[in-house]
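To start, the structure under review is shown below, and the notes come after it.
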Amino acid sequence: MDKTYQPQAIEQKWYSYWLDNQLFSPELSIDKPSYCIMLPPPNVTGNLHIGHAFQDTIMDLLTRYHKMQGHPTLWQCGTDHAGIATQMVVERQLAAQGKSRHDIGREAFTDAVWDWKAQSGGNIRQQMQRLGASVDWENERFTMDEGLSKAVIDVFVELHEEGLIYRGQRLVNWDPVLHTALSDLEVINHDEQGNLWHIRYPRSDGKGHITVATTRPETMLGDTAVAVHPDDERYQDLVGVELELPLTGRQIPVIADEYVDPEFGSGCVKITPAHDFNDWDVGQRNSLDVINILNPDATLNDSVPEKYRGLDRIEARRLVVADLEEAGYLEKTDKHQMAVPRGDRSGAVLEPYLTDQWFVRIEPLAKPAIDAVRNGDIRLIPENWQTTYFNWMENIQDWCISRQLWWGHRIPAWYDNEGNIYVARSEAEVRSKHNLSEDLELRQDEDVLDTWFSSALWPFSTLGWPEQTERLNTFYPTSVLVTGFDIIFFWVARMIMMGLKFTGKVPFRDVYVHGLIRDAQGNKMSKSKGNVLDPLDVIDGIELDALLAKRTTGLMQPHMQSAIEKATKKDFPDGIPGFGTDALRFTFSSLATQGRDMSLDMARVQGYRNFCNKLWNAARFALMHLDGEIDNKPLGGSDSAADQINHWVRSRLAHTVAEVRRHFDQYRFDLATQALYEFTWNEFCDWYLELSKANLSDSASPAVRAATRQTLAQVLEQLLLLLHPVIPFITEEIWQKLRQPLGLYEHSILQRPFPQATERDTSAERQIDWLKQMIQAVRATRTELNLAPGKPLPLKVWSEQRDADEQLINDYLPWLQKLARVESVSWLPKPETQEQCASARAGHMQLFIPLAGLIDVSAEIDRLTKQQQKVLQQQAQLTGKLSNDKFVNNAPAAVVQKERDRLEDVHAELAGIEEQLAQLNSMRDSD
RNA sequence: GGGCGAUUAGCUCAGUUGGUUAGAGCGCUGUCUUGACAUGGCAGAGGUCACUGGUUCAAAUCCAGUAUCGCCCACCA
């Protein structure tokens, strides 16, 4: 083995090894509860970003953990056709050739998208493989696959038959750039600075005017009323009066409607039913005319006076305002901050727009979905997401599912020339179902379905539904969904609704909701900020120049370039070294706390790379001593000190196993990795390997050597198994080298059973704790007094529990000599102060280190005085507590006893310090 | 306007139903190249747990309020 851990040298080969041995294919035949995770399907043409890498790490960890427990385990992967996003990418490519999708037509365009998918669709797959993702590639799915498309059509038709899908003319959020409707969720509201224009509408009877205010004055061209509150005394006699709508010559009525807030503005509201959601409702209630003034690209149409026709609404706005002002209708203009709705993909300002669309009647589906979470069939982790979930589900609006795009599942609806609508699985089915003659002309709906419609079926459509396949029966309902909070409504809620509706079961038991990965300073990563980190760059490393180029090419705001370069040079003056997949995965796992965003700091990744190196070298040490086969028979227990050391490490391992399992089961990956880190480094490496060196040497007895080699090999293997879900590559690499000494028959660590917690050995733990305390006390004193680390020290000891301590000292003397450089131990009959000694406390013992000629009396006095202050403080605290009757009477007996014991120790320690100080002081005075 | 979350060491974060002296990593200080590992060992320093009040024998932890920051939802034209 190399002296240092080199991730590049080991990672790639094991992934192909796992694939070659089909270790990721689920074994359906095992008769045990199944475990299944659905990969949230990434955009087929996309790339893996750091958020995916995090998510994939968590899913892979869970998958390996459960696979090692012998359950039939499936991590189902696949990609999403991502309607709008993908269509935009291909349209941009066409635009670069000076063409639009309309130039080449629908069929050629979708062909072009399929081509693009074929070209780029493997990106994600390759990147996931670099991460070590143990997904079942043989059953990869795509939302536009034949099977999944069939599921989509079936669901659409069934929902339509039940009246849960309907077509209707409604106001929708219209994207004038993409020329499509969007669902409410795809609207991003941003506060932007705008104006509030106050406009006078004259009364037709010439008796003055009333004033309305608007942030979108061009919509006045579509006004069909002005509303006041029915109880507003100021306007009682105004209701029913006709107004003259400026610039148009139209007459519109004043109506009364509860919607108006009399407190706001003038208390009069212009009503434009075709271009405002609230006004639409008012219009419906009052049977108002609906005048649509916009074309699909948000230019004004022929319903407006000629001079405004064909203008974009923003230009029209300027002209309308100018005209109003010129004609004296504009009362005033105020600055006004308002929420502007924009499309989440195009960024275009959206317009409420009247169109025919398909909707899902959502309330009947939402009810069971709410119940499933309320009654615990589905757990949200962390739990507080429930509030958000309920809040949204209880106020849910019908879902607009039609999109005026070309890329997606085409809506299975056909129209005849009479305007009749037929819904069925195919045109043929339409004809037979409705007895339509062959020569009746039918044309299919041009629209496609919202991408999220097919995503909602993902948990069962990927498993073969509507067929009752073995995979479906084995793995549905799935076990856990790992997802970001940003798609709880887009995706999670809809999967629950659809899953319950079509399978009668929840789609998953647990939903693990994680936060966002941010940069080291806690900023959101984004291309425009130039702080994006590519997971592969963290794994493989990247030169500064390459990183700079990556971050500054194709910027939407080129002026940011120099700032981005500066920040990048500051954060990564030498680029990124390349820490390997395992280090990155360990980092992700350690960051996975409950439900908050995480900052990814390279220093942390480096720290875990160092951890891997530590493990690597521990293994190197172990393997040096593990030539040949290990005796795997259980060895008879022995109380010898050498054996206690072995018992101790097994006991600590048992504790770690229990912790890791508990934390994995509770999705506390941060705590699990912490427990692993601590055991590996602070117990196994720092203590066990050091303590066992003597037992492995030639001078140790054959029995001790055998027991120690066995323990070393077995504990290391168990540790590797525990670590494997987090850091699969290095653990496989090392494990393969342990196969022979341990005589294991499995081909891969992934086939080994995940460790089970065994019983602790409290007696061994107590003894080794004692030993550690003793060694640490000597070492600390040595450092504080500036004594050479290698200088052997004779030790004088007094103890309150001499019998026990003397026994232990005798037993562990060889280790005290080696690890604390204790030369010899002699016992003091009384706790008397020793001349020319430094003293220290360990357990019940008072240690004296003779320093003839070496002692710096003042330094030792300073040290002891400092120590004394600390202990005095503790004493005061404890005494106060224990003299408080309320504490003694009310606190549990165990707590009180604990405090009493501590006080006793403190007293003893204090006495020792005081005597020693007195001695030292007299020495100094006599100097 | 409603909801959620955060505030703990220089930095990034743990702290489970209240109960030893509030922990970790990184960084920092001192020291050591000892045959697993300098991507390391050993030993340290460093905290008014945002603030105010309350409950309790006991509060980082529970309750109320305040402040700052962040996110989500709904928005009055």
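Only this structure's heavy atoms are used, side chains among them; waters, hydrogens and symmetry mates stay out. Letters go in sequence order (proteins before strands), and every chain restarts at 1.
Using atom P as the reference point in both C4(B) and C62(B), the two lie 15 Å apart (nearest Å). Taking atom C1' on both nucleotides, U52(B) is separated from G10(B) by 28 Å, rounded to a whole Å. Spacing of C1' atoms, A50(B) relative to C28(B), comes out at 25 Å, to the nearest Å. Taking the P atoms as reference points, C72(B) lies 29 Å from U17(B), given to the whole Å. Taking atom P in both U31(B) and U12(B), the straight-line distance is 30 Å, to the nearest Å. On the C1' atoms, C57(B) is 26 Å away from G23(B), given to the nearest whole Å. The same atom, C1', is picked in U8(B) and in G47(B); the two are 8 Å apart, to the nearest Å. Between C42(B) and G53(B), the two C1' atoms lie 47 Å apart (nearest whole Å).
Salt bridge absent: Arg342(A) and Asp344(A) never bring a charged side-chain N and a carboxylate O closer than 4.0 Å. Taking a cutoff of 4.0 Å between a charged side-chain nitrogen and a carboxylate oxygen, Lys737(A) and Glu733(A) qualify as a salt bridge.
Residue Asp519(A) is out of contact with every strand shown, counting any heavy-atom pair closer than 4.0 Å. Residue-level contact check: Ala603(A) touches the backbone only, with heavy atoms under 4.0 Å from sugar-phosphate atoms and none from bases. Within the 4.0 angstrom heavy-atom criterion, no nucleotide atom of any strand lies near His275(A). Residue contacts shown for Arg900(A) are absent, as no nucleic acid heavy atom lies under 4.0 Å away.
We find that CZ of Phe264(A) is positioned 15 Å from P of C75(B), with the value rounded to whole Å. Counting to the nearest Å, the C1' atom of A74(B) and the CZ atom of Phe277(A) are 14 Å from each other. To the nearest angstrom, C1' of C72(B) lies 13 Å from CG of Leu516(A). Rounding to whole angstrom units, CD of residue Glu899(A) and P of G18(B) are separated by 17 Å. Distance CD (Glu909(A)) to C1' (U20(B)): 14 Å, rounded to an integer number of Å. Straight-line distance from the CD1 atom of Ile488(A) to the C1' atom of C72(B): 10 Å, rounded to whole Å. Distance CG (Leu676(A)) to C1' (G25(B)): 15 Å, rounded to an integer number of Å. Atom pair Ile188(A):CD1 and A74(B):C1' shows a separation of 15 Å (rounding to whole Å applied).
When the options Leu584(A), Val538(A), Thr587(A), Asn610(A) are evaluated for a side chain to side chain contact (heavy atoms under 4.5 Å, CB included) with Phe579(A), the one that passes is Val538(A).
Annotation: side chain of Leu816(A) is in contact with side chain of Leu771(A) (closest heavy-atom distance under 4.5 Å). Residues Thr219(A) and Arg313(A) have side chains not in contact (no heavy-atom distance under 4.5 Å, counting atoms from C-beta outward).
There is a side-chain donor-acceptor pair under 3.5 Å between Gln6(A) and Thr4(A). For the residue pair Glu351(A)/His275(A), the side-chain donor-acceptor check at 3.5 Å is not satisfied.
Each of Leu878(A) and Phe485(A) was matched to the nucleotide of RNA chain B holding its nearest heavy atom; the match closer to the 5' end belongs to Leu878(A).
Geometrically, Lys693(A) engages Phe621(A) in a cation-pi contact, judged by NZ or CZ lying under 6.0 Å from the ring centre and within 45° of the ring axis.
Below 30°, between 30° and 60°, or above 60°: for Phe669(A) and Tyr667(A) the angle between ring planes is above 60°, a perpendicular geometry. Note on ring orientation: taking the six-membered ring where Trp is involved, the planes of Tyr677(A) and Tyr608(A) are perpendicular (angle over 60°, cut-offs 30° and 60°).
The side chain of Asn278(A) has C76(B) as its nearest neighbour among C76(B), U16(B), U21(B).
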So if I define the base as every atom that isn't primed, P, OP1 or OP2, how would nucleotides 2-14 of chain B read as a B/S/- string at a heavy-atom cutoff under 4.0 Å?
-SSSSS----BSS
How does protein contact run along nucleotides 29-48 of chain B, one letter per nucleotide 5' to 3', with B for base contact, S for sugar-phosphate only, - for none, heavy atoms under 4.0 Å?
-------BBSBSSSSS----
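Close to A77(B), at under 4.0 Å from its OP1 or OP2, lies no side-chain N or O of His198(A).
Counting only distance, with no hydrogens or angles, the side chain of Asp670(A) and the backbone of Leu591(A) share no donor-acceptor pair below 3.5 Å.
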Which string of ( ) [ ] | and . matches RNA chain B, if you list each base 5' to 3' and count Watson-Crick or G-U pairs only when both distances are under 3.5 Å?
(((((((..((((.....[...)))).(((((.......))))).....(((((..]....))))))))))))....
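What you find for Trp616(A) and Asp2(A) is that their closest heavy atoms are NE1-O, 2.8 Å. Residues Gly515(A) and Phe485(A) approach most closely at CA-CE2, 4.1 Å, considering heavy atoms.
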